[in-house]
Number of protein chains: 2
Amino acid sequence: MTTKQEPQSCKKNSESAGKGVSIDFTEVKAHCQHCDLNPVCHPPGLNTDEMDSLDQWFPTRRRLKRGESLYEIGEAFNAIYAVRSGFFKTVLPSPQQRDQVTGFQMTGEILGMDGIGSGFHACQAVALEVSEVCLMPYGNVEELASNLPNLHAHLNKLMSQRIVHDQSAFKILANLRSESRLAAFLLDLGKRFSTLGYSPNTFVLRMTREEIGSYLGLSLETVSRIFSRFQEDGLVDVQTRHLQITNPEALSEIAAGKNSH
Amino acid sequence: MTTKQEPQSCKKNSESAGKGVSIDFTEVKAHCQHCDLNPVCHPPGLNTDEMDSLDQWFPTRRRLKRGESLYEIGEAFNAIYAVRSGFFKTVLPSPQQRDQVTGFQMTGEILGMDGIGSGFHACQAVALEVSEVCLMPYGNVEELASNLPNLHAHLNKLMSQRIVHDQSAFKILANLRSESRLAAFLLDLGKRFSTLGYSPNTFVLRMTREEIGSYLGLSLETVSRIFSRFQEDGLVDVQTRHLQITNPEALSEIAAGKNSH
DNA sequence: CGGCCCGTTGATTCGTCTCAAAGAGTGTGG
DNA sequence: CCACACTCTTTGAGACGAATCAACGGGCCG
């Protein structure tokens, strides 16, 4: 797995944004044609000139520490983000009940599309580890997309895929019991790691049991118990955050809801 | 509530499509500028000429009987649809478990966006009553959108809003107990009816208890029981499919998860 | 009129949450 | 570098909610 680092130009603007909360974020210039990570930056069928024009419009990166918010709920929507490295969760904060984790985003995935409809972000995005995103001002994206039909079509595809993914997450919540939910969750994570070139069966969980539980509609204790049960049954090997899926086939069966007993 | 009917042009093609399943669908010519129902057909800031061009690209309607499928899962994606009248459900068929209802779509709402990403429909759309849709060939939509930036922006907004709506549905499933789920569902339906000019508190449920249960991740018996409980508590008045919300405030409290006991 | 699907209600079982306590891991400051 | 604090995780016992199994009633259509 080679994570390309582009050469020069690491101008750091370490100034806190003066917004009350002191966020010391870091922005660096990005070069999309040297970065093959993020699907949004690579609509199929673009020539070199068109790739150059992407650079012209999506120039900045931002670095976040663990626990920092990329954007808050209700915040004005200005940009969409491509995760260049690291790991995020999206959260629906809730004063009444516990916060609802609505998704996890890893390298190569997109954040912020929730804001397009209303002009305000409908959730909060929090970094679960040191992370870096490419910031793409949405006005620029739209303008650029009207010149590059491929980019436009590509954006629509990404949003559609998101809708399809949400539908299957919906099905998991509505249909499956706790064991199947967790199994499906682990397999989904593994699949996403594998598209990055990592092993689908060995990875580190960047989120807590509580966050997994929130996402799956389970209590953190239930999540912990099921990890233990999977371990006993020889399906996985869990050392707190370090996970190895030792029997993917059996896990798939459970995820499909075929567990008889 | 005035549902505009445009004058002439009701050419019926009642031919079965010859696909094994005998679907006798009906297509009529549509005139978007005379139809103010569907948001996708009315991007803000279009002049009369541009509205005319919409007519040029989205000319056909299709009529469906109760139980008919607008599209099947796995079917090649060709068009998106705007519901002109009637009521639909989207379903994820499942051989192992019961089918999963992933949403209900009523007049003025969009169907088919799930197919944009992969080129194939990711779910099945079934009419729950006699319904009519406007069929918009997606190739045409894209071509048209590249000429009409407003339409393009509008489509993105619709998809984003869908994502936001899905997120809150997700939260309902993950967080709330059965009573709250059903309360939230009824309020959501009412809200959508009210945007059509109908009362938010009196409407007819077009779906079965089983379908509500599938959508909310509950058994049909539980749905039925909660209706009865709501009735006892004076929150609603249910006569099988005919629903009246008699105490919307209390129902909102329950939907918010504040029910103490 | 009979059949069938849909809806209601009851009794019981099972799964998951809640409450509780203790152990492991991580980071910080002395 | 170790001790301490804090957060995260594990495991247990009990309570509660929803699913399941089952039977019956009602409405709609042929």
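So that the names make sense, note that chain A is the first sequence line, chain B the second, and so on, each numbered from 1.
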Atom-to-atom span, [atom1] of [X] to [atom2] of [N] - whole angstrom:
{"X": "B/Phe230", "N": "C/dT8", "atom1": "CZ", "atom2": "P", "result": "13 Å"}
{"X": "A/Glu179", "N": "C/dG15", "atom1": "CD", "atom2": "P", "result": "9 Å"}
{"X": "A/Gln239", "N": "D/dT9", "atom1": "CD", "atom2": "P", "result": "14 Å"}
{"X": "B/Leu205", "N": "C/dC6", "atom1": "CG", "atom2": "C1'", "result": "13 Å"}
{"X": "A/Leu220", "N": "C/dA21", "atom1": "CG", "atom2": "P", "result": "17 Å"}
{"X": "B/Met207", "N": "C/dG7", "atom1": "CE", "atom2": "C1'", "result": "15 Å"}
{"X": "A/Leu182", "N": "C/dG15", "atom1": "CG", "atom2": "C1'", "result": "15 Å"}
{"X": "B/Arg241", "N": "C/dT8", "atom1": "CZ", "atom2": "C1'", "result": "14 Å"}

Under the side chain to side chain donor-acceptor pair (under 3.5 Å) test, residues paired with [X] that sit two or more places apart:
{"X": "A/Thr222", "value": "A/Ser219"}
{"X": "A/Asn201", "value": "none"}
{"X": "A/Ser214", "value": "none"}

My understanding is that only residues two or more places apart in sequence, or in another chain, count here; which of them pass salt bridge (Lys or Arg N to Asp or Glu O under 4.0 Å) with [X]?
{"X": "B/Lys171", "value": "none"}
{"X": "A/Arg66", "value": "none"}
{"X": "A/Asp166", "value": "A/Arg162"}

- [ ] Only counting residues at least two apart or in another chain, list the ones meeting ring-ring contact (aromatic ring centres under 6.0 Å, His included) with A/Phe185.
- [x]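 For A/Phe185, the residues satisfying ring-ring contact (aromatic ring centres under 6.0 Å, His included) (neighbours in sequence not counted) are A/Phe104, A/Tyr215.
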Task: ring-ring contact (aromatic ring centres under 6.0 Å, His included) partners of B/Phe203, counting only residues at least two apart - done: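 Expected list: B/Phe193.
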Task: Pair A/Arg209 + A/Glu221: basic N to acidic O under 4.0 Å - done: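 Looking at A/Glu221 together with A/Arg209, the answer is no, because their closest N to O distance does not fall below 4.0 Å.
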Task: Residues B/Glu129 and B/Lys65 bridged, charged N to O under 4.0 Å - done: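 Salt bridge: no.
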Task: Divergence of helical axes at both termini of the helix from C/dC1-D/dG30 to C/dT16-D/dA15 - five pairs an end, 10° steps - done: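 Inter-axis angle at the termini of the helix from C/dC1-D/dG30 to C/dT16-D/dA15: 20°.
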- [ ] Check step by step if salt bridge (Lys or Arg N to Asp or Glu O under 4.0 Å) holds for A/Arg229 and A/Glu179.
- [x] CA-CA 9 Å; A/Arg229 216 179 304 161; A/Glu179 285 190 350; 2.6 Å; yes
- [ ] Would you kindly say whether B/Ser85 and B/Thr107 are connected by a side-chain donor-acceptor distance under 3.5 Å?
- [x]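 Not at all, the side chains of B/Ser85 and B/Thr107 share no donor-acceptor pair under 3.5 Å.
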Task: A/Ser69 side chain to A/Glu72 side chain, donor-acceptor N/O pair below 3.5 angstrom - done: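 A donor-acceptor contact under 3.5 Å links the two side chains.
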Open item on the list: I want to check one thing: is the phosphate of D/dT11, taken as OP1 and OP2, less than 4.0 Å away from some side-chain N or O of A/Ser228?
Closed with: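 It does, given that an N or O in the side chain of A/Ser228 lies less than 4.0 Å from OP1 or OP2 of D/dT11.
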TODO: Please check the phosphate of D/dA18 (OP1 and OP2 only) for any side-chain N or O of B/Ser178 closer than 4.0 Å.
DONE: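 So the side-chain polar atoms of B/Ser178 do come within 4.0 Å of the phosphate oxygens OP1 or OP2 of D/dA18, strictly under.
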- [ ] Classify every nucleotide of nucleotides 23-30 of chain D by which part a protein heavy atom approaches to under 4.0 Å, writing B for the base, S for the sugar-phosphate alone and - for neither, in 5'-to-3' order.
- [x] --------
Open item on the list: Below 4.0 angstrom, which residues in residues 209-219 of chain B have at least one non-hydrogen atom near DNA chain D?
Closed with: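 B/Gly217, B/Leu218, B/Ser219, in order of number.
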- [ ] Remember a base hit wins even if backbone is also touched, and classify B/Thr208 as base, sugar-phosphate or nothing at under 4.0 Å, heavy atoms.
- [x]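 The residue B/Thr208 makes sugar-phosphate contact but no base contact.
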Open item on the list: Students often get this wrong, so: under 4.0 angstrom with heavy atoms, is A/Arg181 touching a base, only sugar-phosphate, or nothing?
Closed with: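 Here A/Arg181 touches no strand at all.
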Task: Minimum-distance pair of heavy atoms, taken over all atoms of A/Ile245 and A/Leu186 - done: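 So the minimum-distance heavy-atom pair works out to CD1-O, 4.2 Å.
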Task: A/His242 vs A/Val223, nearer the 5' end of DNA chain C by closest nucleotide - done: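 The residue mapped nearer the 5' terminus is A/Val223.
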Between the protein and nucleotides 10-13 of chain C, list the N/O to N/O atom pairs that are separated by less than 3.5 angstrom.
| from | atom 1 | to | atom 2 | distance (Å) |
| --- | --- | --- | --- | --- |
| C/dG10 | N7 | B/Arg225 | NH1 | 2.8 |
| C/dG10 | O6 | B/Arg225 | NH2 | 3.2 |

